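Report on one structure; see the data block that follows.
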Amino acid sequence: MTVENSYIEVAVAVPVYHTFTYSVPQYLLPFVAAGKRVLVPFGRRRVTGYILGSSQDCGTAEIKHILDVLDEQPLFGPAMISFFQWISDYYKHPMGDVIKNALPGGLTLYDYASLTITPQGKQALKGDAINPFERAVLKLLDSGPCRLNHLSRKLNQVVPGALIQSLERKGHILKTRELRQASIKTRQERFFALADPVPALDRLSKPRKKIIDILVKQGEISMSELKRHVPTAARLVRALKNDGYLKVRHKRVYRDPFGEPIRADNPPVLNAEQQSVVVQIVDSLNNGFTTFLLQGVTGSGKTEVYMQVAAETLKQGKSVLVLVPEIALITQMERRFRARFGERIAVLHSGLSAGERYDQWSRILQQKADIAIGARSAIFAPFPEVGLIIVDEEHDSSYKQENNLRYNARDLAVVRAKLNDCVALLGSATPSIQSCYNALSKKFIQVNLQHRIERRPLPAIKIVDLRESLGYRGQQRFIAPLLQQAIKDTLDHRQQVLLFLNRRGFANFALCQSCGQPQRCKHCDISLTYHQKANAFKCHYCGFSRAATSRCDICGSSKIKKLGLGTEKIETTIHKLFPDARVARMDRDTTARKGAIVKLLKGLKDQTIDILVGTQMVAKGHDFPNITLVGIICADLSLSFPDFRAGERTFQLLAQVAGRAGRGSFPGRVILQTYNPDHFSILAARDQDFDSFYHQEINFRKALNYPPFSRMIQLKISGKDPALTQKCAHKLGDRCRTLKTLNSSAFGTIEVMGPIESSLTKIARRYRWQILLKGRHVRALHQFVSQLLAENSTVFHHSRVRVVIDVDPVSLL
Ligand code: ADP
Ligand code: ZN
Ligand code: ZN
């Protein structure tokens with residue numbers, strides 16, 4: 001989009017809901033285009049903004065000039081602007097912040113306040129007319145300038161604003177506004193080629209000659225590649241250049257997030273089921289917007305279907321987006337796609353450094369890649385023309401972002417497909433109730449894969465009733481004899497075992513034996529989990545940690561008993577039971593380091609791991625043919641959540657983890673331990689009977705008017721002052737009810753539930769309340785919230801109480 005006049009519409013990267021008109025000074029006019037970043041004055045600050053296009057609204061007196069144009073090329077195309085607009089409207093989120101969220105991090109420039117010491121300040125430091133607190137601040141600044149909002153952290157105590165003001169007034173310090181530079185830069189590398197003409201070669205030393213030979217063979221080559229052939233290249237090249245053998249050029253390079261090279265593969269011959277699904281989807285590729293729901297049992301060859309439909313899309317000159325719920329799975333998906341499609345793939349996820357992500361983004365913009373694979377944020381990949389959007393494991397709740405911009409990438413995939421007039425393909429063995437409902441009501445087209453590849457059987461699932469183990473002592477309480485025997489048999493056959501427990505740590509409940517109280521987090525209303533390796537009690541919600549040797553918070557006793565289970569304890573126990581087996585663990589604690597996941601997955605593949613213990617990270621999508629036993633240590637953990645989707649999540653998780661067994665030529669089996677052997681989610685998972693689960697669940701949703709029969713928006717109210725937070729929550733509740741009564745024709749059908757205290761009443765020092773808005777019609781619900789926002793009531797703009805709007809909430813805790 002070119003900008004036609006000298007007024008532009010700009011979304012600024014600050015939390016305001018509307019966009020602004022700025023004017024462009026003559027000398028910047030040639031550089032302005034939609035999709036570029038600009039630096040603009042905003043209030044007393046300078047902030048980053050994004051050009052959306054020319055502005056209609058021009059000529060008024062207060063319009064300010066932009067200060068700078070920050071990009072040579074636009075960061076996103078015109079098609080993305082309507083997508084961003086849709087997101088901003090639907091999720092009730094400021095436009096500028098939507099764009100900021102969508103772009104790779106580190107691109108936002110803004111002003112910050114910086115403090116420096118003045119000569120008077122230095123003088124004062126020598127005398128004794130200042131108090132100790134002032135001295136501490138001046139002393140810190142004497143060693144260099146400091147950002148205002150870093151001061152408290154550096155001094156390890158809260159620095160009152162009044163103190164800063166008084167120091168400023170006395171002339172001891174100076175407050176200035178400085179521009180934070182974007183942290184991301186493009187990377188350049190030196191490339192070498194033979195000079196023309198080349199001087200005589202006969203007198204060259206052997207190493208130098210080797211470099212010349214490489215250049216003759218390869219043409220232009222980068223410094224890093226040259227070093228791979230000749231480790232001492234840096235020194236040699238310098239000399240060769242001085243003697244006129246080489247010419248040097250600086251070129252932009254892209255940081256390489258990929259690991260080892262991958263061998264190319266050939267597409268297998270599809271089986272009849274796969275073939276018919278592929279044909280049906282490919283046929284609709286040119287017919288505008290359609291959403292397919294591909295339901296295929298675990299191991300039925302869904303990924304192969306994705307790849308063949310993707311190949312067709314590329315042939316038509318359009319790009320493909322592939323969303324995968326977890327980084328661990330991206331690795332696997334990426335390898336399979338790269339084996340098939342080569343280097344034209346970009347990956348986008350949080351495991352990349354900011355620089356790597358920026359480079360991947362640029363490769364997409366410059367059309368050096370036409371497939372993007374990534375986690376939820378990959379839905380923003382800036383392809384100009386998308387032909388296919390694949391969402392693998394579409395039921396997965398990690399598609400929902402739970403902070404800042406609370407979007408659901410699965411839902412946005414359908415929206416973007418609609419805006420781009422292309423195909424969305426949602427796949428899962430256990431589709432969400434929502435998507436199934438959409439398929440049954442003909443919004444989506446359902447296609448099925450009912451059999452595993454080569455008609456391999458689904459694993460047999462045996463339920464073990466844990467209530468019968470309650471009388472046992474020691475590890476038999478949580479590893480029943482049947483499971484222990486099964487692990488032994490599997491190891492004897494040199495096959496692999498997966499043990500699943502959806503809770504990390506060693507013991508999740510620390511109880512004081514003197515006063516009988518559980519040990520709670522200092523900042524949350526949550527009991528602490530004991531971690532053996534770290535030898536500490538940790539909070540899984542805010543990261544608070546305290547030494548395991550510390551005494552009871554309440555009575556000071558040192559007798560703290562560690563109760564309950566976590567993956568760490570399972571790992572330790574298994575080590576003891578099977579000392580010869582190679583045991584590894586995969587959960588958030590063991591995979592925090594970059595590359596750790598890939599290493600674990602490689603261990604499974606190369607069979608250097610016999611038993612893998614893990615949380616839901618191991619449940620999803622992995623394809624390891626030698627795993628023949630899956631043990632579910634306790635199936636009930638997610639059942640007891642106070643959330644209407646608890647049954648759905650439990651079923652999905654169990655069916656998925658069970659699906660990891662028997663994917664190769666040996667049949668698999670699953671042992672599922674539970675305290676609720678009669679619960680329908682567990683029975684349905686045992687029988688891998690999706691239909692029966694769906695029918696029970698959908699009746700329950702209908703009876704209680706839960707989604708998909710209604711839509712929901714949750715208002716999350718939180719603050720550090722409990723009484724104030726409660727007051728605000730009630731005030732907001734009253735506003736909702738008044739609005740409903742005042743406009744009963746539009747809002748009569750909306751239910752206002754609450755305010756109630758959240759199930760997790762306090763997290764990271766914030767007290768939490770919630771209001772749930774439920775309605776049959778999404779439009780009315782949205783209007784309702786828009787009106788609440790438009791009222792400009794103090795509740796939404798309170799300085800000490802935060803109100804967050806969560807549209808289609810996934811976590812109701
Ligand atoms: P899903 O994604 O449905 O769980 P995958 O796509 O991972 O299943 O397929 C399971 C295994 O079967 C993979 O190892 C895959 O390479 C293999 N496979 C898929 N389709 C075929 C086919 N048509 N012929 C032979 N092997 C196949
Ligand atoms: Zn905490
Ligand atoms: Zn105690």
Side-chain angles (χ1 to χ4, degrees), residues 12-16 39-49 67 94 96-97 100-101 105-185 353-354 403-404 521-524 538-539 541-547 718-722 724-725 762-767 797-802 804:
V12 286
V14 293
V16 288
L39 189 67
V40 296
F42 191 77
R44 292 196 300 137
R45 295 183 296 159
R46 292 167 289 180
V47 297
T48 301
L67 303 170
D97 209 48
K100 185 177 164 193
N101 265 277
L107 288 177
T108 316
L109 281 71
Y110 57 87
D111 271 341
Y112 62 87
S114 175
L115 304 177
T116 33
I117 189 165
T118 60
Q120 289 108 295
K122 282 181 195 276
Q123 206 56 44
L125 205 48
K126 287 184 194 138
D128 47 11
I130 48 175
N131 68 36
F133 205 166
E134 293 173 327
R135 183 174 298 280
V137 173
L138 290 179
K139 215 168 150 195
L140 180 80
L141 294 179
D142 199 27
S143 62
C146 179
R147 281 202 207 182
L148 181 57
N149 54 358
H150 289 178
L151 203 59
S152 296
R153 184 161 43 84
K154 285 201 173 156
L155 287 173
N156 223 348
Q157 70 185 111
V158 178
V159 181
L163 183 89
I164 297 300
Q165 282 164 26
S166 112
L167 283 171
E168 233 186 315
R169 196 172 33 76
K170 286 192 252 173
H172 292 340
I173 62 173
L174 201 65
K175 191 154 103 189
T176 51
R177 294 196 168 274
E178 283 180 32
L179 198 60
R180 193 199 77 128
Q181 287 301 326
S183 49
I184 305 295
K185 304 220 162 60
S353 69
N403 55 30
N404 210 318
C521 173
K522 213 161 104 185
H523 312 305
C524 314
K538 289 188 183 176
C539 170
Y541 286 85
C542 75
F544 169 78
S545 159
R546 122 184 176 210
S718 70
K720 288 188 180 166
D721 178 334
L724 184 67
T725 312
K762 183 186 164 202
I763 288 181
R765 296 197 203 152
R766 301 185 77 85
Y767 294 85
H797 304 279
H798 202 287
S799 59
R800 285 154 66 206
V801 175
R802 192 188 302 150
V804 167

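Scope of the values below: all heavy atoms of this structure, side chains included, with no hydrogens, waters or symmetry mates. In this text, all values refer to a predicted model and were calculated from it rather than measured experimentally.
Atom CZ of R800 and atom CZ of R766 lie 11.0 Å apart (nearest 0.5 Å). With rounding to the nearest 0.5 Å, the separation of CD1 in I763 from SG in C521 is 9.5 Å. With rounding to the nearest 0.5 angstrom, the CG atom of L125 is 9.5 Å from the NE2 atom of H172. For the atom pair CG (L155) and CZ (F133), the distance works out to 7.0 Å, reported to the nearest 0.5 Å. Distance check: I117 CD1 to L140 CG gives 9.5 Å after rounding to the nearest 0.5 Å. Considering CD1 of I173 and CG of L115, their distance stands at 5.0 Å, rounded to 0.5 Å.
Each salt bridge (Lys or Arg N to Asp or Glu O under 4.0 Å) pair with one or both residues in residues 150-166, not counting sequence neighbours, would appear here, but there are none. Applying the side-chain hydrogen bond (donor to acceptor under 3.5 Å, both in side chains) test to every pair with at least one member in residues 120-131, sequence neighbours left out, gives these pairs: K122-D142.
When all heavy atoms are compared, the tightest approach of G127 to R135 is O-NH2, 2.9 Å. Closest non-hydrogen pair, L39 versus T48, comes out as CD1-N, 4.4 Å. In plain terms, the two heavy atoms of G121 and L138 that are nearest each other are O-CD1, 4.0 Å. Heavy atoms only, all atoms of each residue included: T725 and V801 are closest at CA-CG2, 4.1 Å. Taking both residues in full, the closest heavy atoms of C524 and A764 are given as SG-N, 3.1 Å, listed atom of the first, atom of the second, then distance.
Partners of T118 according to the side-chain hydrogen bond (donor to acceptor under 3.5 Å, both in side chains) rule, which considers only residues two or more places apart in sequence or in another chain, do not exist here. With sequence neighbours left out, the side-chain contact (heavy atoms from CB on, under 4.5 Å) criterion links R169 to S166. Under the side-chain contact (heavy atoms from CB on, under 4.5 Å) criterion, V14 pairs with V12, V16, F42, R45, V47, not counting sequence neighbours. Every residue two or more places apart in sequence or in another chain that forms a salt bridge (Lys or Arg N to Asp or Glu O under 4.0 Å) with K170 is listed here: E134. Applying the side-chain hydrogen bond (donor to acceptor under 3.5 Å, both in side chains) test to H523 and every residue at least two apart in sequence or in another chain returns R765. Checked against side-chain contact (heavy atoms from CB on, under 4.5 Å), P722 has the following partners two or more places apart in sequence or in another chain: Y767. K175 meets the salt bridge (Lys or Arg N to Asp or Glu O under 4.0 Å) test with no other residue; sequence neighbours excluded. Residues forming a side-chain contact (heavy atoms from CB on, under 4.5 Å) with R546 (at least two apart in sequence, or on another chain): Q519, L528, F537, F544, S550, D553, I560.
L141 has its side chain within reach of C146: a pair of non-hydrogen atoms, C-beta onward, lies under 4.5 Å apart.
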